[in-house]
Each structure stands twice: as structure tokens, then as C-alpha cells.
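Only one structure is covered here, and it is reproduced in the block below.
Every number for a ligand or one of its atoms is a count from 1 in the order of the listing. Predicted model, so just to flag it, every value in this text is computed and none were measured. The figures here come from the full heavy-atom set of this structure, side chains too, leaving out hydrogens, waters and symmetry mates.
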Amino acid sequence: MAVLVCGGAGYIGSHMVAALIEKGEEVVVLDNFQKGHKKAVLGGRVYEGDIRDKVILNKIFSENSIDSVIDFAADSLVGESVLEPLKYFNNNISGTINLLEVMKDYGVKHIVFSSTAATYGEPKNIPIKEEDDTIPTNPYGESKLAVEKILKWCDKAYGIKYTALRYFNAAGAHINGKIGEDHRPETHLIPIILQVALGKREAITIFGEDYPTKDGTCIRDYIHVMDLAKAHSLALDRLRKGGDSRIYNLGNGQGFSVKEVIEVARKVTGEPIKAEIAERRKGDPAVLVASSKKIIDELGWIPEFNSIETIINTAWNWYKNHPDGYND
Ligand code: UDP
């Protein structure tokens, strides 16, 4: 039986495909390659297309024996989502509904869904637990929360069992050195910091120094992309064994401020990395740190690359060897 990875050429999706192939799974990849990279897909049967297109979905489900889906196909930029909410609701909600309709038609009953810490909004308690309030402060988080609710009803009506994984900040690169993070344009903190270290940018702009945190900059929980992939794999195994639907946080349980991340990157790279302070970015909560106790207890997930130094080091290893990302 095959696993369909939607968005399998993207940053997290490509690391998932690599993990599934290493595990000996039969993998089918769907990606529209708007943001994904052909070179990032290290194996599997690849289809070019969009989850909003039923023609390509029907083709994939009729040509392969798919028993499970892992869905990464989405727009995922907080700042952009505030400016273009309809783009986010169309791609992230309509796209997933389309996918679920085809899963229902073909009797496919397992889906692991990429959700996000942005479903919580400004948290009342740190670390954040799964049962805490979900009041998103941006359309990206809202779109993912909407899909979580849709999944709940699809489970009740059609018996489609899901695991929604609420990621905190995915970072780092594969230790095989072949795949890493390459967004165009790049908006994420660690890649931009490393572009400064490489001399490709003048400075890192710190979005806000007036947050109620120890140094005034936002605190995030960074999780290695291979640890994320491992969690999806465990979630998939559990669903295939007849497990119920679940929602899990995925983070390391430790928060780092933007300034701390820059400081660690200075140590890892040996470069000065110039930083400048600017206005806050719209939609950013001050602190997002996960409690991942539930997935650790229930799935036995153990993050392997959980120090911020290791995370930045693996990313640096990839950037040093691929200064132009997948264009090299
Ligand atoms: N950030 C920043 N400068 C940048 C990019 C990001 O100060 O050029 C901050 C951002 O405000 C957030 C943190 O770094 O607090 C992580 O942002 P990123 O875009 O990497 O991930 P997100 O938290 O949006 O998923």
C-alpha cells in the first residue's frame, strides 16, 4: 500500500518523503511545484498538480493503491496570510476539502494533517497544551483550525481517521546534506540569519523589540524537520493499526528569543551576523512554546535533534554547500 504525500516537494514534505523511503514505504508525491523543488524529492512516484484539482487527484487514487495521505500542501506564511486571507482560505481549506472528498470516494481512511501552533493565537499558558484555547491571531492559523474541525466531522460521518500535528517552528536540514530549506522569497528566521552569515544579505531584521519577553523579542520553539518527519511516521503507523483521531503538539518544549537564535547562529557559523531592529510583524504572538507531552506519552516520539545548536548546525551545513539552495 502506498502513502500519498501532498506537498512532498516542499521543505517539510521533502524530509517526510525521505523518511518514508528510508522506512521502505511505497511513496506517491503530489506537488504543484509553485514553492516546492523537483530536486528536493529524493524518491517516490511524482505527480505535478494541485490538491484543488480533482482530475489529478482522481488520476493518482486510481493509478495507485493509496491507503494513507500525509497532507503538507498549503500556504504557510503568517504575515502574507494577514494581507491575503482569501488566498489562505482557498488553498488551505478548499484544497483539503477537495482532497478529503476524493479520499472518501476511494475509501481511504487515514490522514496525517499539517496543523500549526498558530491555531492557538496568543496563549494564556506556556507551555501550550492541546486542550488550551484556540483563538488564532492570523488567517493562516484560522485556516488550519478550520480544517481540524472539518476533519472531526469527516471522522464522524465517513470514518476517516486523522492525526493533526500542530507544529511549532520547523527548522534545520536533513543530516544527509542533500535536502534543506529553500523558500522563494525566504521569510523564515533561521534561513535569513544564515543568508546574512553567507554574505547574501546585509543584516537580519528583528521584527519587534517591545514584546513582553526577557529581551523584548519573540520567543519560539524550534523543532528539527527530521524529528517532525519521524512524528508523522509514528502517527501514520498508529492510524494504520486502527488508532483513533488525535491532535498533537510538536515542539521541543523550549523557547528561544529571536536575539538568542541570532547569538547561537553567530557561534555556529563564526560570522558576526549584523542585526537591525524594526517594527513588529502583524499577526505574531509574543511567545509560542509547546508541551509535547501528549505525543511523547502516546506515540513514544523522542526528538533526536533537539538542541538549538544542532538545529542551526544542520541548516548551516546545507546552506554552506547550497548557497543558492536547489539552484546549485
Ligand atoms: N523573525 C524576525 N525576522 C525575520 C524573520 C522572522 O524577527 O526576518 C521573527 C518572527 O517575528 C518570529 C520568529 O522570528 O517571531 C520566527 O519567525 P518565522 O517566520 O521563522 O516563523 P513563524 O513563527 O512565522 O512560523
**Asked** Any N/O of F207 closer than 3.5 Å to an N/O of ligand 1?
**Response**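 In this structure, F207 places an N or O atom under 3.5 Å from an N or O of ligand 1.
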To check your reading of the model: name the closest protein heavy atom to [atom], its residue, and the distance in Å.
| atom | value |
| --- | --- |
| atom 5 (C) of ligand 1 | T187 O, 3.4 Å |
| atom 20 (O) of ligand 1 | L189 N, 2.8 Å |
| atom 11 (O) of ligand 1 | D284 OD2, 2.6 Å |
| atom 9 (C) of ligand 1 | V258 CG2, 3.8 Å |
| atom 22 (P) of ligand 1 | N169 ND2, 3.4 Å |

What atoms in ligand 1 come closer than 4.0 Å to a heavy atom of [X]?
| X | value |
| --- | --- |
| C218 | 15 (O) |
| Y222 | 13 (C), 16 (C) |
| I206 | 7 (O) |

**Side-chain donor-acceptor pair present, E148, S115, cut-off under 3.5 Å** =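 Looking only at side-chain atoms, S115 and E148 do form a donor-acceptor pair, the distance falling under 3.5 Å.
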**Message:** When you measure from the heavy atoms of Y167 to every atom of ligand 1, does any distance fall below 4.0 Å?
**Reply:**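 No, Y167 has no heavy atom closer than 4.0 Å to ligand 1.
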Do the side chains of [X] and [Y] get close enough for a salt bridge, i.e. N-O under 4.0 angstrom?
| X | Y | value |
| --- | --- | --- |
| D324 | K200 | yes |
| K282 | D284 | no |
| K38 | E48 | yes |
| E131 | K129 | no |

**Asked** Between I192 and ligand 1, which residue portion shows a heavy-atom distance shorter than 4.0 Å: side chain, backbone, both, or neither?
**Response**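 It is the side chain that touches ligand 1; the backbone stays farther off.
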**Prompt:** For ligand 1, which part of F168 has a heavy atom less than 4.0 Å away: the side chain, the backbone, both, or neither?
**Reply:**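 For F168, there is no contact with ligand 1 at all, from either part.
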**Prompt:** In terms of ring plane angle, is the pair Y11 and H183 parallel, tilted or perpendicular, where the classes change at 30° and 60°?
**Reply:**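 Y11 and H183: perpendicular rings.
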**Message:** In terms of relative ring orientation, are Y88 and Y140 parallel, tilted or perpendicular, with 30° and 60° separating the classes?
**Reply:**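 Plane angle over 60°, so perpendicular.
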**Item:** Closest to atom 24 (O) of ligand 1 (judged by heavy-atom distance), picking from E209, K282, R281, H188
**Value:**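 Checking each option, the heavy atom nearest atom 24 (O) of ligand 1 is found in R281.
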**Prompt:** Given L288, T205, I193, which one has a non-hydrogen atom that is nearest to atom 3 (N) of ligand 1?
**Reply:**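 Among L288, T205, I193, the closest heavy atom to atom 3 (N) of ligand 1 comes from T205.
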**Message:** Checking N249 against Y120 for the side chain to side chain contact (heavy atoms under 4.5 Å, CB included) test, could you report, in this order, the C-alpha distance in whole Å, the side-chain angles of both residues, the deciding distance, and whether it holds?
**Reply:** CA-CA 11 Å; N249 283 342; Y120 293 108; 2.6 Å; yes
**Asked** Do H15 and F72 make the cut of ring centroids closer than 6.0 angstrom?
**Response**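 For H15 and F72, the ring centres are not under 6.0 Å apart.
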